[in-house]
Amino acid sequence: MDDYGFLQSWFAVFCAVLGTLIWRAAGVMLASRIPAGGLIMGWVNTMAYALVAAVLLLIFVHPIGALATTSLDQRFVGLAAGLVMMFFSRRLILSLFCGASAFALAIELM
């Protein structure tokens with residue numbers, strides 16, 4: 001496969017920007033016509049949460065970088081501690097602190 005040249009690289013960037021701007025413009029035009037509590041927005045919100053959950057699960061199961069040096073058990077301890085604290089306290093900062101602390105302890109003790 002040949003490498004991209006200078007102009008081909010800029011053309012690829014231009015196409016990516018154009019593709020993004022088209023969908024953003026369509027979203028701006030359609031946003032005022034779609035009710036916030038309607039079925040379409042419910043579906044959009046559901047898909048957004050599903051994509052975030054999928055990316056986080058991918059990072060959790062197949063991490064890269066420094067996180068890849070830890071075991072799945074250690075990551076699960078931190079996740080479980082954070083979820084339990086979120087369930088009982090309903091405070092994000094406290095849950096994050098608890099999960100990160102449990103993860104750090106799991107790394108040290110396991």
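Here the structure is a predicted model, which means the values were calculated and not measured.
The two residues Pro35 and Met41 make their nearest non-hydrogen contact at O-CG, 3.3 Å. Pairing each heavy atom of Gly5 with each of Gln8, the nearest pair is N-OE1, 2.9 Å. When every heavy atom of Pro63 is checked against every heavy atom of Ala68, the shortest pair comes out as O-CB, 3.5 Å. Here the closest non-hydrogen pair linking Ala102 and Val77 is O-CG1, 3.8 Å. When all heavy atoms are compared, the tightest approach of Ile107 to Gln74 is CA-NE2, 3.7 Å.
In this structure, Ile64 places its CD1 atom where only 12 or fewer heavy-atom neighbours from other residues, nucleotides or ligands lie under 6.0 Å away. Counting heavy atoms of neighbouring residues, nucleotides and ligands inside a 6.0 Å radius, atom CZ of Phe60 exceeds 12 of them. Residue Ile40 places its CD1 atom among 12 or fewer non-hydrogen atoms of other residues, nucleotides or ligands, all under 6.0 Å distant. Crowding of Leu39 atom CG: a count of heavy atoms from other residues, nucleotides or ligands under 6.0 Å not exceeding 12.
With hydrophobic clusters built from ILVMFWY side chains whose heavy atoms lie under 4.5 angstrom apart, Val17 does not share a cluster with Phe14. Put simply, Phe76 and Val61 are part of the same group of oily side chains (I, L, V, M, F, W, Y) that touch within less than 4.5 Å, one to the next. Residues Val13 and Leu7 share a hydrophobic cluster, clusters being chains of Ile/Leu/Val/Met/Phe/Trp/Tyr side chains in contact below 4.5 Å. Hydrophobic clustering (side-chain heavy atoms under 4.5 Å, transitive across Ile, Leu, Val, Met, Phe, Trp, Tyr) groups Leu57 together with Leu83. Neither Met86 nor Val84 shares a network with the other; the hydrophobic side chains, linked directly or stepwise wherever heavy atoms of I, L, V, M, F, W or Y lie under 4.5 Å apart, form separate groups for each.
Atom CH2 in Trp23 sits 9.5 Å away from atom CG in Leu30 (nearest 0.5 Å). The distance from the CE atom of Met85 to the SG atom of Cys98 is 4.0 Å, given to the nearest 0.5 Å.
Note that Arg90 lies in the cation-pi zone of Phe87, set by a 6.0 Å cut-off to the ring centre and a 45° limit from the axis.
Between the side chain of Arg75 and the backbone N or O of Thr70, at least one donor-acceptor pair lies under 3.5 Å. Side chain of Glu108 to backbone of Leu105: no donor-acceptor contact under 3.5 angstrom is found.
Taking 4.5 Å as the limit, every side-chain heavy atom of Leu92 sits out of range of all side-chain heavy atoms of Phe97.
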